[in-house]
*Asks:* 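Dropping a structure here in structure tokens format, bear with me for questions.
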Amino acid sequence: MTDLDSPDRLTDARAALAEAMARHERGDLEAAETGYRKVLAQGYRVAEVLPLLAGLLGRLSRAEDALAAWDQLLAIAPDHAVALHEKGLTLHWLGRTAEAITTLERACAIDPDNPIALGNLAVVLADAGRNLDAIRHFRRALALQPDNLHLRHQVRRLGSGSVPFWHIPMMNDVPRNDAFEAAIKAAIGVAGAQARVLDIGAGSGLLSLMAARAGARKVVACEMEPMIAEMAQQIVAQNGYADQVTVHAKPSTALAVGAELDAPADILVSEILSSDLLTEKVLDTFEDAHRRLLAPEAIVIPRAASAMGCLVASENLAGYAFVGDVSGFDLSAFTAFAPQRLPIHGTMTAWERLSDDLELVRLDLTLKKHDATLARLRIPVTASGRAIGIVQWMHIDLWEGVSFDNHPDRYTDGGWLQVLHSFPEPIDVAAGETLDIAVGHDRITLILLPLAEAPGQ
């Protein structure tokens, strides 16, 4: 380094810095960079000039050079909170997310009351898919800046983004809730208050709370989405049942007797059925619970679930399931990519029934093993029309005399929707004929497909 003990050299260094800063202020960034590097070469005020140079390099989109400048500063001052913060943001810019998180965590540890650093760490955590950690840091930042609208938005965005839209309408579904609670009360009445209850897919913790209110002294719940699990435990505590209900932020497949459960559960309650019955790996989950987590004679709620449905025609729904001539072009081949299942809601509700209601597939959830199934179902056609598929809903058997369904004629506002299982192409049918379809499941999804024979044969 140049010796700055000489008054002339010190004056030159000060002048060079002033000139570089002036050019920086005017937006002449290349010249400012040259000036800053000249000052650094003279060894003048290095710890103050390096942040100016690094910031300038960032503005020039030279992330690697900016990173080198921040590293130079950190070599001089390892606990420089601003340098760590800016280095973390630069690493994130370069796609080095894990390193960015580590660096930003160091910055926040050194300056724990800095809401900007906390907020930026939360942003990077969210980008890495660590939503629960992200929302916790956003909340810490918001506690320091309660009026910060950006932070308030991020807390709400992450919370709502982690929860499927159907959770709240499901919680507000009074007939569903009443049916589950009636079954839970009956089960605890039979098994006794000492019965251990396992709630798989706890969501808000509602079913666990019902079990606790019915007298169950020990309820173990699990919810695989950490943010929802944290909220469920908070709700349980707010309602005064923290001594009876414990919520674990993990899937049921990660639970074990001797760890989260002190003994096999006597009652299983679970509401992980999707609108099309199987999508949420229902069979895998129930089979695993039977095999590892439940007592041999455990009560299962629900004990069975059926996919119900009818043959339908609908020009409205056909527009979601099929494509033909568009703007004078034949695009019909694209129908091969059309979704096999369409949830029916809003403007998609106009359809005409072409058959009576039918049970399509029934699942006995008390069984310990389920194989994929496929069978022929002959559907008597009751009205002529252009059949586009099957509209399907659910019927759930919860307890003797306690059931619930989302039949389209009387259920429109809950969390479960009806589902259109569209055919590969429309089929013209006439009243009095029959249409044969293959019905079954592959353990993950329902299979509802027309068979090759023509209607009536």
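This is a predicted model, so every value here is computed, not measured. Worth knowing before you read on, the calculation uses all heavy atoms, side chains too, and leaves out hydrogens, waters and symmetry mates.
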*Asks:* Looking at side-chain heavy atoms only, is the closest gap between Met210 and Asn177 below 4.5 Å?
*Replies:* yes
*Asks:* Of Thr445, Ile444, Leu363, which meets side chain to side chain contact (heavy atoms under 4.5 Å, CB included) against Leu278?
*Replies:* Leu363
*Asks:* I'd like to know if the side chain of Thr434 reaches the main chain of Arg378, judged simply by a donor and an acceptor atom lying under 3.5 Å from each other, with no hydrogens or angles considered.
*Replies:* no
*Asks:* Decide side chain to side chain contact (heavy atoms under 4.5 Å, CB included) for Leu198 and Leu294; before the verdict, give the C-alpha distance in whole Å, the side-chain angles of both, and the deciding distance to 0.1 Å.
*Replies:* CA-CA 8 Å; Leu198 172 61; Leu294 302 183; 4.2 Å; yes
*Asks:* With sequence neighbours excluded, give me every salt bridge (Lys or Arg N to Asp or Glu O under 4.0 Å) pair touching residues 234-243.
*Replies:* none
*Asks:* Can you pull out every salt bridge (Lys or Arg N to Asp or Glu O under 4.0 Å) where at least one residue sits in residues 72-98? Sequence neighbours excluded, please.
*Replies:* Asp71-Lys87, Asp79-Arg106, Arg96-Glu99
*Asks:* Of all residues at least two apart in sequence or in a different chain, which pass the salt bridge (Lys or Arg N to Asp or Glu O under 4.0 Å) check with Asp364?
*Replies:* none
*Asks:* Would you mind telling me which of Arg140, His137, His92 makes a side chain to side chain contact (heavy atoms under 4.5 Å, CB included) with Leu121?
*Replies:* His137
*Asks:* How would you list, by chain and number, every residue that makes a side-chain contact (heavy atoms from CB on, under 4.5 Å) with Ala81, sequence neighbours excluded?
*Replies:* Ile110, Asp111
*Asks:* Ignoring hydrogens and angles, write down the donor-acceptor pairs under 3.5 Å from the side chains of residues 258-273, residues two or more places apart or on other chains.
*Replies:*
{"residue": "Glu260", "atom": "OE1", "partner": "Ala256", "partner atom": "N", "Å": "3.0"}
{"residue": "Glu260", "atom": "OE2", "partner": "Lys250", "partner atom": "NZ", "Å": "2.7"}
{"residue": "Asp262", "atom": "OD1", "partner": "Arg196", "partner atom": "NE", "Å": "2.7"}
{"residue": "Asp266", "atom": "OD2", "partner": "Arg196", "partner atom": "N", "Å": "2.8"}
{"residue": "Ser270", "atom": "OG", "partner": "Ile200", "partner atom": "O", "Å": "3.0"}
{"residue": "Glu271", "atom": "OE1", "partner": "Arg176", "partner atom": "NH1", "Å": "3.2"}
{"residue": "Glu271", "atom": "OE2", "partner": "Leu273", "partner atom": "N", "Å": "3.3"}

*Asks:* Which atom names give the shortest non-hydrogen contact between Gln418 and Val391, and what distance separates them?
*Replies:* CB-CG1, 4.1 Å
*Asks:* For residues 114-127, which residue pairs pass the salt bridge (Lys or Arg N to Asp or Glu O under 4.0 Å) check, not counting sequence neighbours?
*Replies:* none
*Asks:* Working to the nearest 0.5 angstrom, can you tell me the gap between Asn406 CG and Ile396 CD1?
*Replies:* 7.5 Å
*Asks:* Which residue pairs satisfy the side chain to side chain donor-acceptor pair (under 3.5 Å) criterion with at least one member in residues 210-221, sequence neighbours excluded?
*Replies:* Glu181-Arg213
*Asks:* Between Ser208 (side chain only) and Ala221 (backbone N and O only), is there a donor and an acceptor less than 3.5 Å apart?
*Replies:* no
*Asks:* Mind jotting down which residue pairs meet the salt bridge (Lys or Arg N to Asp or Glu O under 4.0 Å) criterion with at least one end in residues 284-295? Sequence neighbours excluded, please.
*Replies:* Asp284-Arg443, Glu287-Arg443, Asp288-Arg291, Asp288-Arg292
*Asks:* If the condition is ring pair (Phe, Tyr, Trp, His ring centres under 6.0 Å), which residues does Trp70 pass it with, not counting sequence neighbours?
*Replies:* none
*Asks:* Nearest 0.5 Å please: distance from the CD1 atom of Ile390 over to the CG atom of Leu449.
*Replies:* 10.5 Å
*Asks:* List the residues meeting salt bridge (Lys or Arg N to Asp or Glu O under 4.0 Å) with Asp147, not counting sequence neighbours, and say none if there are none.
*Replies:* none
*Asks:* Do Trp399 and Phe180 have their ring centres less than 6.0 Å from each other?
*Replies:* no
*Asks:* List for me each residue that meets ring pair (Phe, Tyr, Trp, His ring centres under 6.0 Å) alongside His24, sequence neighbours excluded, and say none if there are none.
*Replies:* Tyr36
*Asks:* Taking side-chain contact (heavy atoms from CB on, under 4.5 Å) as the definition, give me every residue that meets it alongside Pro251, ordered by chain and number, with sequence neighbours left out.
*Replies:* Met224, Thr253, Ala254
